[in-house]
Amino acid sequence: MICESAALADGGPGVRFALGEEPDSPVGFVVRYRGTVHAYVNRCPHMGTELDWQPGEFYDVAGLYLVCATHGALFQPATGSCVAGPCRGASLQRLGAREEGGRVLLLNEEAAAAGPTEDTP
Ligand code: FES
C-alpha cells in the first residue's frame, strides 16, 4: 500500500514512496487528477532530478500540471507527458497504481517498469 485514498486530493499534494529497500532506491510518487490516481517515478526526464519543490508538492499553483522544481517543466498529470519546458515531448516513467478499499496500491514493480498496464487507469 502506498497510502490511504483520502490522503490524495485532486490537484493537491502527492505522496512519495520508495521503490526499493536500499537507502538510495529511486522514489516514486502518486497524485490524484480528476478523481484518478496516477503514479510515476520521481525523476525528471530532463536531468534526472526529483520533481517536487517541497516533499509531496508536485502540482503547479493552479493544480493543473505537475511541475519540475529544477527548470520548470510541466507534465500532464494523467499521462506524464511533458507539455512545456526543456524536456517537452518526453515523459515521466509511469508506475502502475490502483485504488481498492480506500487504499492506493502499487502494482508489481517489474510490470510497472515495463510501462503502463491494463490495470492503470
Ligand atoms: S531537471 Fe526538470 S526541467 Fe530540468
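In listed order, ligands and their atoms are each counted from 1. What you see is a predicted model, and the numbers here were worked out from it, not measured in a lab.
For H46, the nearest N, O or S atom to atom 4 (Fe) of ligand 1 falls under 2.8 Å. Not one N, O or S atom of C87 sits under 2.8 Å from atom 2 (Fe) of ligand 1.
Against a heavy-atom cut-off of under 4.0 Å, A73 is close to the following atoms of ligand 1: 3 (S). Ligand 1 places these atoms under 4.0 Å from at least one heavy atom of T49: 1 (S). Of all atoms in ligand 1, numbered sequentially from 1 with element shown, those under 4.0 Å from a heavy atom of M47 are 1 (S). Counting atoms of ligand 1 from 1 in the listed order, those under 4.0 Å from a heavy atom of P86 are 3 (S). Near T70, with a cut-off below 4.0 Å to any heavy atom, the atoms of ligand 1 are 1 (S).
Classified by interplanar angle (parallel below 30°, tilted 30° to 60°, perpendicular above 60°), the ring pair H71/H46 is perpendicular.
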Pair Q76-S81, side-chain hydrogen bond (donor to acceptor under 3.5 Å, both in side chains): steps then yes or no: CA-CA 5 Å; Q76 215 288 331; S81 177; over 6 Å; no

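Shortest non-hydrogen contact noted between F75 and G80 is CD2-O, 3.4 Å.
Taking the six-membered ring for Trp and the full ring otherwise, F29 and F58 have centroids separated by under 6.0 Å.
With hydrogens and angles disregarded, a donor-acceptor distance shorter than 3.5 Å links the side chain of N42 to the backbone of L51.
When the shell of 6.0 Å around OH of Y65 is examined, it contains 12 or fewer heavy atoms from other residues, nucleotides or ligands.
For H71, the N/O/S atom at the shortest distance from atom 4 (Fe) of ligand 1 is named ND1.
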